[in-house]
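Below is one structure; the comments refer to it alone.
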Amino acid sequence: MSAAGSAARADEGWKELFDGKTLTGWITAPGAYTAENGSIVCVQGSKGNLLSEKEYENFQLNFDFLLTPGANNGLGIRCPLKNEGNLHIEGTELQILDDSHEKYKTIKPYQFHGSVYGIVAAKPGHLKPVGQWNHEEVTVQGRRVKVVLNGTTIVDADLD
């Protein structure tokens with residue numbers, strides 16, 4: 001997005017969470033994430049959470065991601081602001097997973113990419129092949145969670 005585009009979105013109430021260069025505004029486990037070439041990169045073989053320093057009640061998060069073979073990660077929403085423990089249990093996790101990989105052939109429906117982990121199964125089959133960029137939009141309003149992957153709504157649920 002251009003600087004002019006960023007300024008226009010800021011006028012509409014949007015907040016950029018990543019400056020494209022640094023992890024300023026983020027809390028991360030040492031060595032788990034880096035900023036490289038305009039992207040946040042999860043260091044292969046590392047463990048740990050990446051948290052925004054600020055908390056958001058209702059929001060829309062738009063992001064692009066690229067999976068490696070067998071990748072398994074998640075987007076924590078409404079998680080405690082700490083960088084330890086099982087945030088997918090203490091908060092809510094939206095699955096980010098290469099669910100086409102052989103090692104995940106026996107996963108449960110609520111574990112597929114985009115699912116509200118352990119709660120709501122996502123509509124499968126909308127991830128692009130590993131190595132291609134995907135675009136995801138997550139909207140959280142109260143207890144309603146909507147996940148749009150590459151233009152297709154794969155979750156639209158009231159968690160109550």
Side-chain angles (χ1 to χ4, degrees), residues 1 6 14-140 145-150 152 154-155 157 159:
M1 177 182 297
S6 292
W14 289 89
K15 176 173 178 36
E16 295 290 334
L17 297 181
F18 177 53
D19 66 12
K21 300 174 192 159
T22 69
L23 294 178
T24 299
W26 296 91
I27 302 166
T28 182
Y33 294 87
T34 63
E36 298 176 14
N37 302 315
S39 297
I40 296 175
V41 177
C42 181
V43 176
Q44 188 170 1
S46 68
K47 291 185 179 185
N49 301 311
L50 175 70
L51 306 165
S52 65
E53 288 180 341
K54 295 185 178 182
E55 295 182 23
Y56 301 92
E57 184 176 349
N58 296 311
F59 58 89
Q60 181 178 13
L61 176 67
N62 298 304
F63 62 99
D64 297 310
F65 64 95
L66 181 71
L67 294 175
T68 56
N72 183 354
N73 213 314
L75 172 64
I77 58 173
R78 304 222 170 106
C79 294
L81 193 57
K82 61 180 187 172
N83 203 1
E84 58 189 39
N86 296 311
L87 298 185
H88 68 286
I89 295 170
E90 299 172 45
T92 303
E93 178 185 355
L94 304 180
Q95 185 74 300
I96 299 176
L97 181 78
D98 170 20
D99 54 35
S100 68
H101 196 277
E102 178 69 19
K103 69 181 175 179
Y104 301 123
K105 68 180 180 182
T106 61
I107 62 175
K108 303 203 178 338
Y110 61 77
Q111 293 175 302
F112 281 89
H113 177 85
S115 294
V116 182
Y117 190 86
I119 302 171
V120 178
K123 184 189 315 181
H126 297 282
L127 271 174
K128 293 181 181 178
V130 169
Q132 291 185 23
W133 285 93
N134 292 272
H135 179 75
E136 191 157 302
E137 299 171 13
V138 175
T139 304
V140 177
V145 175
K146 182 177 179 182
V147 179
V148 178
L149 176 63
N150 299 318
T152 299
I154 59 172
V155 168
L159 299 184

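Remember, it's a predicted structure, so these values are computed and weren't measured experimentally. Numbers here are sequence positions counted from 1.
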Could you tell me if the side chain of Leu61 sits less than 4.5 Å from the side chain of Leu17, heavy atoms only? yes
Return yes if some donor-acceptor pair links the side-chain N/O of Asn72 with the main-chain N/O of Gly70 below 3.5 Å, else return no. no
Are Phe112 and Ile154 packed together at the side-chain level, in the sense that at least one heavy-atom pair is separated by less than 4.5 angstrom? no
Between Ser46 and Gly31, which heavy-atom pair has the shortest distance, and what is it? CB-O, 3.9 Å
Between Thr68 and Gln44, does a side chain to side chain contact (heavy atoms under 4.5 Å, CB included) hold up when you go through it step by step? CA-CA 10 Å; Thr68 56; Gln44 188 170 1; over 6 Å; no
Do side-chain atoms of Asn134 reach the backbone of Lys128 as a donor and acceptor pair under 3.5 angstrom? yes
Measure the CG-CD1 distance between Asp64 and Ile40 for me, rounded to the nearest 0.5 Å. 12.0 Å
Counting only heavy atoms not in Asn58 (residues, nucleotides, ligands), do more than 12 fall under 6.0 Å from its CG? yes
When rounded to the nearest 0.5 angstrom, what is the spacing between CG in Leu23 and CD1 in Ile27? 11.5 Å
Closest heavy-atom contact between Ser115 and Pro109? OG-O, 3.3 Å
Ring pair (Phe, Tyr, Trp, His ring centres under 6.0 Å): which pairs involve residues 30-76, sequence neighbours left out? Phe63-Phe65, Phe65-His113
Can you tell me how far apart CD (Gln132) and CG (Leu67) are? Round to the nearest 0.5 Å. 11.0 Å
To the nearest 0.5 Å, what is the distance between NE2 (His126) and CG (Asn150)? 9.5 Å
Going through the checks in order, is the side chain to side chain contact (heavy atoms under 4.5 Å, CB included) test met by Glu53 and Trp26? CA-CA 5 Å; Glu53 288 180 341; Trp26 296 91; 5.7 Å; no
Which atom pair, heavy atoms only, marks the closest approach of Trp133 to Ser39? CH2-OG, 4.0 Å
Shortest non-hydrogen contact between Gln60 and Trp14, atoms and distance: OE1-CH2, 3.2 Å
Considering only heavy atoms from C-beta outward, does the side chain of Leu94 approach that of Val145 to under 4.5 Å? yes
Spell out, as yes or no, whether a donor-acceptor pair under 3.5 Å connects the side chain of Thr34 to the backbone of Glu36. no
If every non-hydrogen atom of Lys47 is compared with every non-hydrogen atom of Ala32, which pair is closest and at what distance? O-CB, 3.7 Å
Kindly determine whether Leu97 and Ile107 satisfy side chain to side chain contact (heavy atoms under 4.5 Å, CB included), including the steps that lead there. CA-CA 11 Å; Leu97 181 78; Ile107 62 175; 3.8 Å; yes
Steps toward side chain to side chain contact (heavy atoms under 4.5 Å, CB included) verdict (Ser100, Leu127): CA-CA 9 Å; Ser100 68; Leu127 271 174; over 6 Å; no
